[in-house]
Amino acid sequence: MTTILARLSDLAADAFEAEGFARDWGVVRPSDRPDLGEFQVSGALGAAKKAGENPKALAERVADRLRATGRFETVSLAGPGFINLTPTAGTIIADLAALQANPRAALAPAGTPAKVVIDFGGPNVAKAMHVGHLRSSIIGDCLQRLFRFCGANVVSDIHMGDWGLQMGLLIEEIAREQPGLPYFQPGATGPFPAQSPVTMDDLERLYPRAAAAAKDDPERAEAARRATAALQAGEPGYRALWRHFVTTTETGLTREFASLGVKFDEWKGESDADPLIPGMIADLRSRGLAVESEGALVLPITEEGDKKELPPLLLLKSDGAALYGTTDLATILDRVRRHDPDLILYVVDQRQHDHFTQVFRAARKSGIAGHAALEHIGFGTVNGPDGKPFKTRAGGVMKLADLIEMAREEARTRLREQGLAVDLDPTEQEGIAGAVGIAAIKFADLMNHRLTNYVFDLARFVRFEGKTGPYLQYAAVRVKSLLRKAEEEGAKPGALAIAAPAERALALALLLTPTAIETARDKRAPNALADQAFAIAQAFSRFYGEHHILSEADEAVRGARLALSALTLRVLETLLDLLGIPVPERM
Ligand code: ARG
């Protein structure tokens with residue numbers, strides 16, 4: 001990838017170099033005063049200051065050199081030494097042609113880590129997925145698409161919560177409800193029934209009940225802890241019952257993730273790290289890294305210069321039970337052994353930041369991380385209109401499946417209101433309503449910086465105007481139908497040309513896409529992609545509003561506009577695909 005910014009910066013760097021200054025003063029950026037020029041260099045200010053020269057005089061000399069390249073329509077000075085640049089149409093067309101010839105090569109930035117593991121989703125056994133898992137799934141999926149697009153070999157892992165105290169709570173609750181089940185017979189070694197004694201609904205009903213009971217009754221809490229330790233120690237009946245919890249939950253999750261359009265390469269869970277724990281602990285002990293503390297085994301992780309005191313990572317409780325951090329550490333060991341990643345991303349609620357600091361430090365200190373960089377990609381909460389984390393009207397957790405259905409319903413209503421998709425057959429209409437609902441939810445999430453909290457407001461998300469998923473989908477569909485119509489009429493895309501301001505603006509918007517993709521990758525910030533998709537849709541909308549395309553009589557002009565439209569569709573579809581937003585054929 002060479003972006004228009006890189007190309008222009010090269011010209012400016014040449015100019016600074018010729019004036020005896022370092023090349024990196026020649027950084028060209030999109031102008032924040034587009035009325036003065038489309039691009040801007042501000043390096044003359046810093047360069048002159050450092051050399052004790054007059055910035056205006058230096059800017060003038062650099063500007064002269066830039067004019068002499070013949071690549072700019074205008075080069076002008078502003079303020080104390082800013083240089084504003086407006087490239088010639090030829091300069092822009094050369095870059096557009098490169099984009100047209102090989103979109104992937106032109107859009108994907110170099111310098112992506114080769115092997116990346118992305119840990120996201122993170123649903124828990126026996127608990128319905130809620131909006132927090134929705135964010136992890138949407139952002140994580142976007143990042144896996146993005147890193148793949150940039151050329152990384154990505155392994156995504158759902159990392160199910162299937163091993164902690166909640167398992168013991170459930171086992172205890174079921175033992176109370178159905179004590180006669182074979183799983184609870186002392187000394188039973190199986191075989192146990194192949195049929196699960198509980199459905200997903202049972203699990204969702206039992207878990208909160210068990211959690212509440214344990215909170216009020218220390219004896220029940222203790223029983224749940226014992227059951228957890230026994231499960232982890234390999235008690236056959238508990239293991240068999242637990243297997244049912246896991247497979248029952250997985251069946252439900254498969255459906256939910258399919259409706260979101262999210263795929264994982266690995267469906268591993270915390271439990272998969274369990275076999276590695278004894279060896280890992282023994283190693284940490286023998287190296288003196290893991291130490292006893294108040295009956296528990298911990299790994300101290302404080303570092304010099306810490307502003308706040310971070311507690312050690314708890315490895316084993318006094319009853320021998322492993323904890324969330326233990327499985328996370330062992331999972332790193334597992335991932336490093338199996339995948340040898342350069343980078344592991346954890347897309348998890350920002351409220352778990354301290355947990356990841358502890359785990360990452362432990363992994364580095366012990367060498368478990370190998371050469372993998374470990375990063376917590378945190379995100380904020382989804383709030384209700386009251387500004388507190390989103391709940392159902394009754395105050396319970398909002399299930400993901402219900403949320404998706406609500407969005408689909410809202411989409412049906414809006415499509416009807418807008419007169420969209422009304423002539424299509426019911427199956428296609430339903431498909432479109434589903435796609436619009438998903439677009440609404442995903443875009444509303446991804447358009448915010450991930451660390452920002454936002455208010456869940458379906459009525460606003462499912463609008464066809466403004467900065468929304470449905471607006472972008474509709475923009476793409478509109479270009480599609482324009483191109484389809486052109487083909488039916490035998491109008492062919494022709495050589496690229498740029499004359500009118502709206503054409504230039506669209507072209508420049510397209511050419512800033514690789515920069516947005518690079519920013520999104522480097523900052524792990526999907527909102528850069530969302531902003532870019534919106535900027536392109538807006539630029540196209542202006543272009544479409546100001547110019548005739550199909551009805552343009554001049555064949556060359558029509559051909560050029562169709563070529564620009566086709567390129568717009570390519571780029572917009574790429575961006576929407578990176579955001580995980582499907583684009584229907586028509587609406
Ligand atoms: N199951 C966890 C939760 O619901 C999220 C798991 C995140 N991933 C990890 N490796 N800890 O909070």
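Read the numbers this way: they start at 1 and go in the same order the structure lists the ligands and their atoms.
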Using the test side-chain contact (heavy atoms from CB on, under 4.5 Å), find all partners of D217 that sit at least two apart in sequence or belong to another chain. E219, R220

cation_pi(R463, Y471) dist<6.0 Å, angle<=45: no

Listing, residues 111-122 side-chain donor-acceptor contacts under 3.5 Å, not counting sequence neighbours, or none:
from, atom 1, to, atom 2, distance (Å)
T112, OG1, C150, O, 3.1
T112, OG1, R521, NH1, 2.7
D119, OD2, R335, NH1, 3.1
D119, OD2, R335, NH2, 3.0

Going by atom types only, do H159 and Y346 share a side-chain donor-acceptor pair under 3.5 Å? no

So, N153 versus H339: side-chain donor-acceptor pair below 3.5 Å or not? no

Partner residues of K308 under the side-chain hydrogen bond (donor to acceptor under 3.5 Å, both in side chains) criterion, sequence neighbours left out: D354

Sorted by chain and number, the residues that approach ligand 1 to under 4.0 Å with a heavy atom: D119, G122, N124, H133, H159, Y324, D328, Y346, V348, Q352, F356

